[in-house]
**Student:** 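Okay, here's the structure, questions in a sec.
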Amino acid sequence: MMRRSGPLTEFEQMIMLTVVRLGDDAYGVSICEEIERRARRTVSVASAYSALRRLDARGFVRSWEGSATPVRGGRAKKHFALLPDGAKALRESRRAMTLMWEGLEGHEDLAGT
Amino acid sequence: MRGAPPRIAEEILRRVLPREDRDFILGDLEQQYRTRVRGGRGALRWYWWQVSRAVTARGHDAIRGVPPSVTNFLNFLSEGLVNEVRFAVRRLLRAPGYALTSIATLSLGIGAATAVFTVVNAVLISPLPFEDPDALVAVRYSAPGMDLEDIPSSDGMYFTYQENAQAFVGFGAWSERQVTVEGNDGPERVSAVGITSTLVPVLGVRPLLGRAFSPTDDEPGATPTVLLSHSAWRTRFGGDPTVIGTTFRIDDLPHEIIGVMPTEFALPHIAPALFVPAQLDRGEASFGGFQYETVGRLSNESTFLEARADIERMIPLAVEHFFNGVSVTMLEQMGFAPTVAPLRADYVGDVATVLWVVLGAALEVLLVAFANVTNLSLARSEQRRRELAIRPAIGAGRGGLVLHSLTESTLISAAGGLIGGVFVVWMVHIVHSVAPADLPRLNEILIGPASFVVVAGTTACAALLLGVLPALGRMNPTALIQSLRAAGGSGSARENGSVKNTLAATQIAMAVVLLCGSGLLLKSFRAISEVNPGFSGGSDVLTFRVAIPETVIASDAEAALRVQEIAERIAGLAGVESVSAATSLPLSTHVVQDPLLVEDVAWTGEDVPPVYRFKWILPDYFATMRNPLLAGRGFREADVRDRSPVAIVTEDFAIAHWGSPGDALGERIAMPSSTVAADNRWHEIVGVVGTVRDRGVEQAPTPVVYWPLVMHTRPVDAGSLFVPRALTFVVRSSEPERLTAAVRASVQSVASRLPVSEVQTLERLFSRSIARTSFAALVLGISAWIALLLGVVGVYGVVSFLTGLRTKEFGVRLAIGAERHDIRRIVMRHGVALVAAGILIGLVVSAFATRLMSALLYEVQPTDPFTFISVAGLLATVGLIAAMVPAERASRADPLNSLRVE
């Protein structure tokens with residue numbers, strides 16, 4: 001797949017942050033569960049992998065194969081970790097958002113729970 | 001492995017997940033699934049949700065770069081579909097009248113069409129349940145010179161073909177017979193078939209259990225064996241697989257049961273309980289004795305023409321090898337020629353016309369149902385035009401609109417299809433109980449994959465029709481604007497109006513066609529019912545068949561005495577007016593035809609004399625049957641006792657030979673036993689009776705010659721006594737069915753091992769012979785009335801609806817001075833136009849369509865004016881009444897209210 005330029009989508013950011021949080025334990029299901037727990041957002045394993053594949057192609061994450069276990073029907077596990085380019089992209093996204101939010105915290109239109 | 005995710009779901013995932021991540025994802029999902037199973041956290045639902053998301057994700061990956069409208073559509077599909085269905089269900093629950101009417105109408109149409117299709121498919125379309133059935137042919141002969149058709153083969157011919165055929169790989173033969181077995185209530189007569197050991201291999205069938213006959217079993221004098229039919233195995237032996245190898249007594253001889261035939265195995269026109277080896281004896285075989293139905297299997301390279309030529313070549317060989325006095329010249333004189341026809345034609349017979357007619361009727365009912373439901377759907381979309389118009393305005397794409405419409409129509413169609421499917425099961429069950437007993441391949445009429453395909457197909461068509469049509473109307477932007485602006489009588493409603501009018505008129509037209517068809521059949525049926533086949537008052541005559549096999553009573557003379565004793569016993573029963581017996585009744589299958597000599601007509605002995613139907617009877621036969629004597633007298637007791645040389649003939653025989661019944665009296669006839677006149681036993685004609693339709697109610701009468709039950713076939717030789725061993729007794733009484741048990745007892749008291757079979761009244765015999773016509777009339781009649789009902793509802797619906805649209809207009813008219821009857825007239829004009837158009841089209845189509853069923857009609861023209869006019873009148877009346885109701889309603893409306901309607 002071609003490297004795609006452009007900003008990270010919100011979903012991609014969530015994935016990458018979760019990868020960081022989970023460290024060695026970052027694989028398909030655990031990523032989905034973590035996002036569900038934290039952001040209350042239901043994510044399917046397939047769509048998570050879809051995003052991870054794109055991130056891998058852009059050089060933001062890397063993956064490696066773990067061990068196979070019977071509980072997985074004898075299939076191996078794929079682990080993910082953030083790459084420096086990915087970290088850079090994340091920080092840029094964060095900064096962009098922060099700049100957009102600047103000064104608006106107390107705005108009446110944004111008031112709510 | 002227990003606790004593993006469902007296989008089907010995994011298979012789907014295997015197909016949609018990208019290859020490089022497939023196993024990882026599957027592993028993740030399985031791991032999580034097991035965790036959830038342990039925690040009791042809806043593992044299955046979660047897994048399937050993952051599957052659905054994977055499918056969608058795959059869709060998204062595939063269409064990255066595709067315009068947003070399509071992705072919107074896909075999103076809508078996956079996320080919005082469930083909601084859409086939920087809303088559709090809610091909407092339908094709020095309009096129960098519409099929903100129930102549509103579902104009921106659809107289920108009726110789909111059910112009827114599928115049930116009939118199932119029958120037609122089994123009987124006419126699907127191949128015979130044999131190996132390579134198109135290579136199987138039935139071999140018969142016709143002899144137009146003797147007015148004979150469908151002559152079966154003889155054993156001599158069978159052996160000749162087996163040994164000399166070039167275009168065939170093999171032959172099988174069979175002949176039907178009645179045998180006696182032990183039943184629950186004593187000895188029972190059942191139908192059996194003697195088959196050559198070659199038949200089963202030639203047909204290419206495998207027994208369900210055990211084995212078929214081997215050549216050894218088929219040798220004359222071999223240890224008796226028997227093959228059970230599937231139904232006999234089920235009913236007599238409870239489907240017990242251990243019957244193989246056990247003994248079963250047939251005709252008082254022990255037979256070893258060697259196998260059971262499968263359910264779909266049947267021979268044309270007969271449903272035997274048992275199969276026994278034919279045990280044809282080559283040493284005793286002869287060219288004559290035509291009683292074996294023969295089937296041949298063509299070799300790979302042969303055509304029908306080559307097969308026929310092969311048989312033609314072999315017939316003279318058979319004449320030569322198995323000579324019985326018939327020469328090739330005689331055969332040529334008779335015009336004796338083989339007919340080689342596909343075996344399937346044998347099974348189907350002439351029932352094809354009936355079935356196609358019936359299928360046509362069912363399809364019409366389906367179309368009428370579709371038209372009706374489409375109209376309902378269009379009307380409903382009109383009523384919801386506001387709501388539907390909004391949708392495109394707020395951005396729902398065309399796709400979304402169609403989907404919206406389709407969801408509702410799919411729900412309705414699915415419900416209709418489901419209930420229709422249940423109807424099919426029920427209707428097929430009814431077919432099995434109501435269809436003419438000799439409906440070919442009845443045992444193969446089962447619900448199968450084809451039926452499901454038809455139900456699914458018609459349901460899908462209905463869903464598309466009902467979903468797409470209204471949506472199309474809504475997508476026109478002009479219509480949109482008009483709808484939003486609509487203050488009654490919107491343009492799009494008028495557009496749809498012409499569609500609705502057309503549909504309603506079409507429904508009327510189809511009802512006309514069906515009614516004309518059924519009217520014609522009804523007329524035929526009535527005409528046939530009134531035919532006198534050679535008897536009258538059939539409901540008062542009980543008939544039953546008795547056989548006196550030589551194994552039970554060896555002596556012919558004693559058999560004759562027993563027969564008379566039976567007659568005397570029965571005559572003594574209370575309520576019996578008269579009793580007699582004959583070797584065969586009119587309309588029955590037991591027929592004897594033989595050559596006859598007439599004294600006036602010289603016979604050289606070179607050719608075969610003309611053949612006539614013979615019946616041997618007891619005295620009082622014609623009185624019991626109520627076939628009046630036209631000249632002379634009936635047989636007397638003395639005639640039978642003294643073996644008097646007398647005979648009775650039917651009127652057509654007398655007229656053909658001597659010009660009038662009276663002139664036949666005193667003339668002499670004989671069965672030829674020799675070319676020397678003096679050596680033949682000449683019988684004097686002492687009576688002439690009315691004509692008899694022996695071959696069938698719808699067939700022309702056949703001349704019949706009646707002999708006294710016991711006779712000598714030669715003048716001097718006492719050993720030439722002939723006594724028929726199988727007879728049908730006829731008993732006239734005011735309550736014939738009450739006598740059944742008493743009659744059986746009388747027979748058993750004379751000879752306890754004589755079985756009684758074919759117990760039925762003459763009337764039943766008559767109804768069974770016209771069953772084919774009555775079946776068709778019944779089905780067509782039902783279809784016609786359903787179509788009429790739906791057509792009337794259709795007219796009412798359209799007129800009512802389109803009138804409703806003009807409420808405001810009528811209000812205005814009334815307000816500015818129009819009379820109520822003016823309004824009524826306007827509405828009725830619309831109704832009249834619809835009905836008239838429908839009737840006209842219907843009559844024109846009927847004029848062509850009814851020609852297709854002329855084979856089923858009896859003494860009725862396909863374009864019978866009385867029927868057509870009656871149908872037109874009926875529909876005009878009913879249609880106008882249907883239009884009058886909305887007309888009245890419109891004329892009664894309060895103008896103020898109408899103007900307020902918006």
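What you see is a predicted model, and the numbers here were worked out from it, not measured in a lab. Hydrogens, waters and symmetry mates are skipped; everything else that's a heavy atom, side chains included, is used. The sequence lines fix the lettering, A, B, ..., with proteins before strands; numbering per chain opens at 1.
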**Student:** Side chain, backbone, both or neither: which part of A:Ser63 has an atom under 4.5 Å from a heavy atom of chain B?
**Tutor:**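 Neither part.
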**Student:** If you measure from the Lys or Arg side-chain nitrogens to the Asp or Glu carboxylate oxygens, is any gap between A:Lys77 and B:Asp28 under 4.0 Å?
**Tutor:**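 Judged by the 4.0 Å cut-off on N to carboxylate O distance, A:Lys77 and B:Asp28 do not form a salt bridge.
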**Student:** Can you say whether B:Ile25 sits under 4.5 Å from chain A via the side chain, the backbone, both, or neither, judging by heavy atoms?
**Tutor:**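 Both parts, backbone and side chain.
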**Student:** Taking all heavy atoms of A:Val45 and all of B:Gln50, pick out the closest pair and write down the distance.
**Tutor:**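 Heavy atoms only, the tightest pair is N-OE1, 2.9 Å.
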**Student:** Under a 4.5 Å heavy-atom cut-off, does chain B meet the side chain of A:Arg75, its backbone, both or neither?
**Tutor:**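 Only the side chain of A:Arg75 comes within 4.5 Å of chain B.
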**Student:** Can you sort out the partners of B:Tyr47 under ring-ring contact (aromatic ring centres under 6.0 Å, His included), two or more places apart, ordered by chain and number?
**Tutor:**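 Partners of B:Tyr47 by the ring-ring contact (aromatic ring centres under 6.0 Å, His included) criterion, ordered by chain and then number, come out as B:Tyr33.
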**Student:** Counting only heavy atoms not in B:Arg14, do more than 12 sit closer than 6.0 Å to its CZ atom?
**Tutor:**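 Yes, the 6.0 Å shell around CZ holds more than 12 heavy atoms from other groups.
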**Student:** Is it the case that A:Tyr27 and B:Gln31 place a side-chain donor and acceptor less than 3.5 Å from each other?
**Tutor:**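 Yes.
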**Student:** Assess whether atom CG of A:Leu110 is packed by more than 12 heavy atoms of other residues, nucleotides or ligands within 6.0 Å.
**Tutor:**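 For A:Leu110, atom CG is crowded (more than 12 foreign heavy atoms under 6.0 Å).
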**Student:** Is there a donor-acceptor pair closer than 3.5 Å between any side-chain N or O of A:Arg72 and the backbone N or O of B:Phe24?
**Tutor:**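 Looks like yes, one N/O pair under 3.5 Å.
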**Student:** Could you walk me through whether B:Glu20 and A:Arg53 satisfy the side-chain contact (heavy atoms from CB on, under 4.5 Å) test, starting with their C-alpha distance in whole Å, then the side-chain angles of each, then the deciding distance to 0.1 Å, before giving a yes or no?
**Tutor:** CA-CA 10 Å; B:Glu20 60 264 29; A:Arg53 225 181 358 266; 3.3 Å; yes
**Student:** Passes side-chain contact (heavy atoms from CB on, under 4.5 Å), B:Trp49 versus A:Thr42? Steps please.
**Tutor:** CA-CA 11 Å; B:Trp49 178 79; A:Thr42 326; 3.4 Å; yes
